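Taking it in order: structure first as C-alpha cells, then the write-up.
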Amino acid sequence: MRVDFLTIFPEMFWPALNSGVIGRAVDSGLLDVRVHQLRDYTADKHRKVDDKPYGGGPGMVFRPEPVVIAVEAVRAPGGRVLVMSPQGRPLNDVLARELALESQLVIIAGRYEGYDERIITLTGAEEVSIGDFVLSGGELAALVVVDAAARFLPGVLGSDESALADSFGAGLLEGPQYTRPEVFRGIRVPEVLLSGDHEHVRQWRLEQARLRTLERRRDLLNGGLTAGNDGKE
Ligand code: SAM
C-alpha cells in the first residue's frame, strides 16, 4: 500500500515510520510512504498555507489552493483521500481493515482551526477522527490511522503477532497475559498457563477475553464494532 501524507510538519512523521512493526513494513516495501510538505504546493514567496477565516473568529484556516493542488499532484488513480478531523468518521478496527484494502491513501494533516470546506468538496476527501478530543494538529492522528491499517496488510505482522488474537480481532478484548517469573511479589501466574495443555489454555483465554469484554466493553458483545455500526449511524 502506498501512503502519501500532506503536512506542514514532515519532520513529525519519520521517527514513527522508522520504528517497530511499521518501520519493518516500510523497510520491506510493504508500505510505500511519502511525506509531502504542503508549502511546496504554494505559489507565493512566503509559502503561505493559511489565511484568516471569512466572517471573523479566532485563528487561521488552511487555504484551499495548496491543499487541492497537492492532492491532485500525489493522488494515483483509485487513491482514497482522507483528511484528519475531530468531526470525522471515528477510526475503529472496521475502518482500519477497510483502509488496508486500498492501493493508496492520501492523508491530509490539518493544523490551525481547520481547513477551507472546499478542500473536502473538490478532493472528495473523507474526514476521519481518532477520538472525541481535539489535537493541535492532524499529524499524530494520520500516523495512528496508518499504524492501525498497516497491521492488516498481509506480511506486516510476523507469524507470532496475529491481528486476529489482538483486541477487536475476534470481536472481543484480549484477556490478561503473563511472562516470567512464575511468581512476582507474591502474585502467581494462573496455573492453567503453566499446564502445557493447549486446549485448556485456549479455552481459558477465550473465557478471560469474554469476561474482560463484558466488564469493560459490553457494547462489543452486542455487535458494537461491526461494519454496520462504525460511527456512521
Ligand atoms: N477547529 C477544529 C474543530 O473544532 O473541528 C479543530 C481544529 S484542530 C485544532 C487542528 C487539526 O488537528 C484538525 O484540522 C485536524 O487535522 C487535527 N485533529 C484535531 N483533533 C483531531 C481528532 N480527534 N482526530 C483527527 N484529527 C484531529
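Numbering of ligands and ligand atoms starts at 1, following listing order. What you see is a predicted model, and the numbers here were worked out from it, not measured in a lab.
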Near [X], which atoms of ligand 1 are under 4.0 Å from a heavy atom of that residue?
X: V128; value: 25 (C)
X: S129; value: 23 (N), 24 (N), 25 (C)
X: Y112; value: 7 (C), 8 (S), 9 (C), 10 (C)
X: G138; value: 12 (O), 16 (O), 17 (C)
X: Q87; value: 3 (C), 5 (O)
X: A141; value: 25 (C), 26 (N)
X: G137; value: 11 (C), 12 (O), 17 (C)
X: G114; value: 14 (O)

*Decide yes or no for L82 and E127: does some side-chain heavy atom of the first lie under 4.5 Å from some side-chain heavy atom of the second?*
no

*Do Q104 and R80 touch side chain to side chain, with heavy atoms closer than 4.5 Å?*
no

*Establish, from distance only, whether the side-chain atoms of E207 and Q203 form a donor-acceptor pair under 3.5 Å.*
no

*Can Y41 and E72 be counted as having a side-chain donor-acceptor contact under 3.5 angstrom?*
no

_Which residue and atom name correspond to the protein heavy atom nearest atom 18 (N) of ligand 1, and how close is it?_
P86 CD, 3.8 Å

*For atom 8 (S) of ligand 1, which protein heavy atom lies nearest, and how many Å away is it?*
L135 O, 3.3 Å

*Can you name the closest pair of heavy atoms from F168 and R217 and give their distance?*
CE2-NH1, 4.1 Å

*If the plane angle is over 60° it's perpendicular, under 30° parallel, otherwise tilted; pick one for F13 and F5.*
tilted

*Distance-only, no hydrogens or angles: does the S195 side chain make a donor-acceptor pair with backbone N or O of E191 under 3.5 Å?*
no

